*Asks:* 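If you scroll down you'll find the structure; I have some questions about it.
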Amino acid sequence: QEELVESGGGLVQAGGSLRLSCAASGRTFGGSAMGWFRQAPGKEREFVAVITWSGTRTYVDSVLGRFTISRDNAKNTVYLQMTSLRPEDTAVYFCAANRQGTLTSFKGDYGYWGQGTQVTVSS
């Protein structure tokens, strides 16, 4: 069964750092572009970052310079290193896989999703 499992969320003070991980099954991960999305209470799920199989990346403007997406293809794992965290970064963070492998921020292009991990940033 194909699945994505996130980990690494938690409570951190503003200015702090967290690293999220997403472990994927081989069939889901191989060749896929992997994205991170987040959803705050009462808001739509929004794009955060994406990385293709070859390592091309893009980010939403609000996290540029603070977040870094990376992947280890040998471990079927994608990461989101988050630094200089702000209270407005508080959300449930979801990992997602796009089997077409395209660099896209559109959540409809992602066919596989994890269960999410909570990130809470206190002021």
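Just so it is clear, the structure is predicted and the values come from calculations on it, not from any experiment.
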*Asks:* Shortest non-hydrogen contact from A49 to L80?
*Replies:*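 In terms of heavy atoms, the two residues are closest at CB-CD1, 4.3 Å.
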
*Asks:* Sequence neighbours excluded, which residues qualify as side chain to side chain contact (heavy atoms under 4.5 Å, CB included) partners of V119?
*Replies:*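 Side chain to side chain contact (heavy atoms under 4.5 Å, CB included) list for V119, sorted by chain: L18, L20, M82, Y93, V121.
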
*Asks:* Can you name the closest pair of heavy atoms from V92 and G116 and give their distance?
*Replies:*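 Scanning both residues completely, I find the closest heavy atoms to be CG1-CA, 3.8 Å.
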
*Asks:* Search all heavy atoms of C95 against all heavy atoms of L4 and return the closest pair with its distance.
*Replies:*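 The answer is O-CD1, 3.7 Å.
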
*Asks:* Measure the CD-OG distance between Q81 and S21 for me, rounded to the nearest 0.5 Å.
*Replies:*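 So the gap between those two atoms works out to 9.5 Å.
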
*Asks:* Using side-chain heavy atoms (C-beta onward) and a distance below 4.5 Å, is W36 in contact with F67?
*Replies:*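 No, their side chains stay 4.5 Å or more apart.
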
*Asks:* Please round to the nearest 0.5 Å and tell me the distance separating atom OG1 of T68 and atom CZ of R19.
*Replies:*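 One finds 11.5 Å between OG1 of T68 and CZ of R19.
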
*Asks:* Taking side chain as C-beta onward, heavy atoms only, is Q118 less than 4.5 Å from T90?
*Replies:*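 Answer yes - side chains close enough.
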
*Asks:* Can you see which heavy atom on G35 is nearest to which on Y110, and at what distance?
*Replies:*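 Smallest heavy-atom distance, with atoms named: N-CE2, 3.7 Å.
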
*Asks:* Spell out, yes or no, whether V5 and F29 are grouped together once hydrophobic residues are joined by side-chain heavy atoms under 4.5 Å, including indirect joins.
*Replies:*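 Different clusters.
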
*Asks:* Any chance you could measure I69, atom CD1, to T56, atom OG1, to the nearest 0.5 Å?
*Replies:*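 Taking CD1 in I69 and OG1 in T56, the distance rounds to 11.5 Å.
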
*Asks:* State, to 0.1 Å, how close A23 and T77 come at their nearest heavy-atom pair, and which atoms those are.
*Replies:*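 That closest heavy-atom pairing would be CA-OG1, 4.2 Å.
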
*Asks:* Does S54 have any side chain to side chain donor-acceptor pair (under 3.5 Å) partners at least two apart in sequence or in another chain, and if so, which?
*Replies:*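 Scan of S54 (side chain to side chain donor-acceptor pair (under 3.5 Å), adjacent residues dropped) gives T52.
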
*Asks:* Going from CD on E88 to OG on S123, what distance comes out if it is rounded to the nearest 0.5 angstrom?
*Replies:*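 It is 10.0 Å, given to the nearest 0.5 Å.
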
*Asks:* Return the minimal non-hydrogen interatomic distance between S32 and R71, and the atom names on each side.
*Replies:*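 Where S32 meets R71 most closely, the heavy atoms are O-NH1, 2.8 Å.
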
*Asks:* If we only count heavy atoms from C-beta on, is the T58 to F47 side-chain gap below 4.5 Å?
*Replies:*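 SC-SC contact between T58 and F47 confirmed.
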
*Asks:* Quick one: CZ on F94 to CD on E46, what's the gap to the nearest 0.5 Å?
*Replies:*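 Rounded to the nearest 0.5 Å, the CZ-CD separation comes out at 12.0 Å.
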
*Asks:* Name the atoms and distances for all side-chain donor-acceptor pairs under 3.5 Å in residues 102-109, with sequence neighbours left out.
*Replies:*
residue : atom : partner : partner atom : Å
T102    : OG1  : N98     : ND2          : 2.7
T104    : OG1  : F106    : N            : 3.1
T104    : OG1  : D109    : OD2          : 2.7

*Asks:* Whether the side chain of E6 engages the backbone of T117 through a donor-acceptor N/O pair (distance < 3.5 Å, no angle test) should be reported.
*Replies:*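 No, because the side chain of E6 does not come within donor-acceptor range (under 3.5 Å) of the backbone of T117.
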
*Asks:* Atom CD of E3 and atom SG of C22: how far apart are they, to the nearest 0.5 Å?
*Replies:*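 It comes to 10.0 Å.
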
*Asks:* So, the side chain of T83 versus the backbone of R66: is there a donor-acceptor pair under 3.5 Å, distance only?
*Replies:*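 Judged by distance alone, yes, a pair lies under 3.5 Å.
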
*Asks:* A side-chain contact here means heavy atoms from C-beta on lying under 4.5 Å apart; do Y79 and D72 qualify?
*Replies:*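 The answer is yes, as the side chains (C-beta and beyond) meet within the 4.5 Å cut-off.
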
